[in-house]
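These notes are about the structure you will find just below.
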Amino acid sequence: MRIFGIVSAISLALLLPGRAVSQGGLEHAQFVGSESCRKCHAKAFDGWKQTRMANVVRDPKIHPEAVLGDFTHPDPNRPFDLGQVALVYGSRWKQRYFTKRGDDYYPLPGQWDIKNRKWLPYHVADGTDWWVRFYPKDNAERPTGPTCDGCHSVNYNLETKQVTEWNVGCEKCHGPGSEHVAHPTAKNIVNPVNLDYVRGNDTCMQCHSQGRPIEVPTHGKYVDWPVGFLPGQRLAEVWSLEESRLGTQDFYFWPDGSAHKNRMQGNDFVQSVMYHREIRCFDCHQVHSNQNSSNLIAESNKLCLGCHTKDNPAGLHGTVSEHTHHGENSAGSRCTSCHMPKIAQTLGNNFVSSHTFRFISPKLTEQFGIPNPCTSCHTEKSNEWALSKLTDWSTTSPWRVGQ
């Protein structure tokens, strides 16, 4: 039932052997940086090095190729020049720019829309992120340490404002590695593959979720990442997910509880049947490779149908086309088109996939304005048209797709 999940787990276990260990067993371990892993885990290291995880934050003086924004032409949405940029952040949907004053980094007031190749203002507005009201109105007075850097680095220290390394390095997911480097055994490093599904998913959700620390303020600061969390622990001990108010749309959620904005994959996923069947993020994503988009272990329907086989009660019992009522190789026959619609906003008209895996009926669009996959694709058609088509499908329960 979990062919690709098993393959992923086996390959990861071969590359980075380990098991679920108590943090007590690693209490003396220190962070040593990803380069320390390279000698023994060259294949995993070299694959990871090519991913966005390893390159989310870069110094433009060292990596001028990382700068995607147009700094050659003046633009009112970019009231700064490249000489003010100490770090660039992001390379897929948007790119933001941080300047440095003293020991702190601060966001500059413009961001580059990568898809549309244009500058947009960047300012975290009132009524959005929960922490905004605790900081000055001016973005330039909001340090990125407490608001961003804990997820963009390994071992960010709120007091010293120093990191072991920038980017999502090996120890972000495997924990401090000094003991393992000195005496490599499976007992002195965390391998998320061998954690239970809650702790395994928590490894990813420490950054791929919207929430706030249990303790607010944290060490006197208003922090937007789980301070003190280490792989192998339960995230809920230090982090509380944002709560949705069903029937109400806000900055974080659509009225059905689906994510309204990006970086909420964890908030979505914990609602899903997949999560409750103990699927882990890395059953679908391989963070040591960028061979496929979004670090997936297989492309398109090959990934989903690797588990949803005819032998699986939750599997596909006919052809893809019979299930979708669309052409076999059309966009409408991609599993993700209906079960992972792009409804979570990341920037402007850029949206990322929902991770609840629920089908959103056109009825919910009528009632609450939640985008549905039918009329998001058939833009010239009405919700009424989509509902009539769905309820005519004899292969699907009308109670499932029409309400």
Side-chain angles (χ1 to χ4, degrees), residues 1-12 20 173 192-211 231 234-236 239 241-244 246 252-254 256-287 292-317 320 323-324 333-344 351-361 364 370-373 396-397 400-401:
M1 291 172 61
R2 292 168 62 183
I3 295 171
F4 282 110
I6 293 169
V7 171
S8 177
I10 292 172
S11 62
L12 282 171
C173 302
V193 166
N194 294 321
L195 297 172
D196 65 72
Y197 82 100
V198 175
R199 289 177 172 86
N201 284 318
D202 283 351
T203 306
C204 306
M205 285 173 54
Q206 63 175 304
C207 291
H208 289 275
S209 68
Q210 286 283 357
R234 288 177 68 95
L235 184 61
W239 187 246
L241 295 179
E242 292 292 342
E243 294 183 3
S244 66
L246 293 179
Y252 294 112
F253 294 101
W254 291 103
D256 71 337
S258 298
H260 182 261
K261 69 176 294 291
N262 190 21
R263 213 201 82 176
M264 293 186 63
Q265 291 86 355
N267 304 70
D268 268 355
F269 189 47
V270 296
Q271 304 176 46
S272 71
V273 175
M274 301 271 275
Y275 181 85
H276 291 286
R277 293 291 184 268
E278 302 190 7
I279 301 299
R280 292 87 51 85
C281 304
F282 39 82
D283 288 327
C284 297
H285 296 275
Q286 164 57 287
V287 296
N292 299 315
S293 61
S294 300
N295 307 111
L296 294 171
I297 65 173
E299 284 283 18
S300 194
N301 289 3
K302 291 181 181 179
L303 175 59
C304 306
L305 297 180
C307 291
H308 291 277
T309 64
K310 293 180 180 180
D311 297 328
N312 184 340
L316 193 65
H317 300 296
V320 170
H323 178 71
T324 64
S333 278
R334 294 187 195 127
C335 304
T336 54
S337 293
C338 291
H339 293 283
M340 298 184 71
K342 294 183 183 298
I343 63 172
F351 293 82
V352 300
S353 296
S354 171
H355 277 69
T356 66
F357 304 98
R358 293 194 296 261
F359 174 75
I360 299 172
S361 169
L364 290 177
I370 307 166
N372 73 81
T396 307
S397 166
R400 175 72 179 88
V401 297

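- Shown here for P313 and H317, the closest heavy-atom pair between the two residues is O-NE2, 3.8 Å.
- Between atom CG of residue L235 and atom CG of residue L241 there is a gap of 7.0 Å, rounded to the nearest 0.5 Å.
- Between the OG atom of S354 and the CE atom of M340 there is a distance of 7.0 Å, given to the nearest 0.5 Å.
- Within the 3.5 Å criterion, the main-chain N or O of W254 finds no donor-acceptor partner in the side chain of H260.
- Using a distance-only test at 3.5 Å, with no hydrogens or angles considered, no donor-acceptor pair links the side chain of S337 to the main chain of S333.
- Taking the six-membered ring for Trp and thresholds of 30 and 60 degrees, H285 and H355 have nearly parallel ring planes, at less than 30 degrees apart.
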Starting from the C-alpha separation in whole Å, work towards a yes-or-no answer on side chain to side chain donor-acceptor pair (under 3.5 Å) for S209 and W239. CA-CA 10 Å; S209 68; W239 187 246; 3.1 Å; yes
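- Between the CD atom of Q286 and the CD1 atom of I297 there is a distance of 8.0 Å, given to the nearest 0.5 Å.
- Nearest heavy atom pair, residue N372 against residue I360, reads CB-O, 3.3 Å.
- Contact check for T324 versus C338: no side-chain heavy atoms found under the 4.5 Å cut-off.
- Here the shortest heavy-atom pairing between A259 and M264 reads CB-CB, 3.6 Å.
- In terms of modelled atom types and a separation under 3.5 Å, the side chain of T356 and the main chain of D268 share no donor-acceptor contact.
- Annotation: side chain of F359 is in contact with side chain of V401 (closest heavy-atom distance under 4.5 Å).
- Across R334 and N301, no two heavy atoms sit closer than the pair CA-OD1, 3.4 Å.
- Residues L195 and D202 are not in side-chain contact: their nearest non-hydrogen atoms beyond the backbone lie 4.5 Å or more apart.
- Using a 4.0 Å cut-off between a side-chain N of Lys or Arg and a carboxylate O of Asp or Glu, D283 and R280 qualify as a salt bridge.
- Of the possible donor and acceptor atoms, one in the side chain of Q271 sits under 3.5 Å from a partner among the backbone N and O of G257.
- In this structure, NE2 in H208 is found 11.5 Å from OG1 in T203, a value given to the nearest 0.5 Å.
- Scanning all heavy atoms of the two residues, the minimum distance from V270 to M205 falls at CG1-CE, 3.7 Å.
- Looking only at distances, a side-chain donor or acceptor of N201 sits under 3.5 Å from a matching main-chain atom of C281.
- Distance CG/N267 to CZ/F253: 5.0 Å, rounded to 0.5 Å.
- One finds the CG atom of L303 at 4.5 Å from the SG atom of C284 (value rounded to the nearest 0.5 Å).
- Annotation: side chain of I343 is in contact with side chain of S258 (closest heavy-atom distance under 4.5 Å).
- Note on ring orientation: taking the six-membered ring where Trp is involved, the planes of Y197 and Y275 are perpendicular (angle over 60°, cut-offs 30° and 60°).
- Summarising the geometry of V198 relative to D196, their closest heavy-atom pair is N-OD1, 2.9 Å, with the distance given to 0.1 Å.
- Evaluation of the salt bridge (charged side-chain N to carboxylate O under 4.0 Å, His left out) rule for R358 yields D256 as partners, not counting sequence neighbours.
- Atom CD of E243 has 12 or fewer neighbouring heavy atoms from other residues, nucleotides or ligands inside a 6.0 Å radius.
- The side-chain heavy atoms of V273 and F357, taken from C-beta on, include no pair separated by under 4.5 Å.
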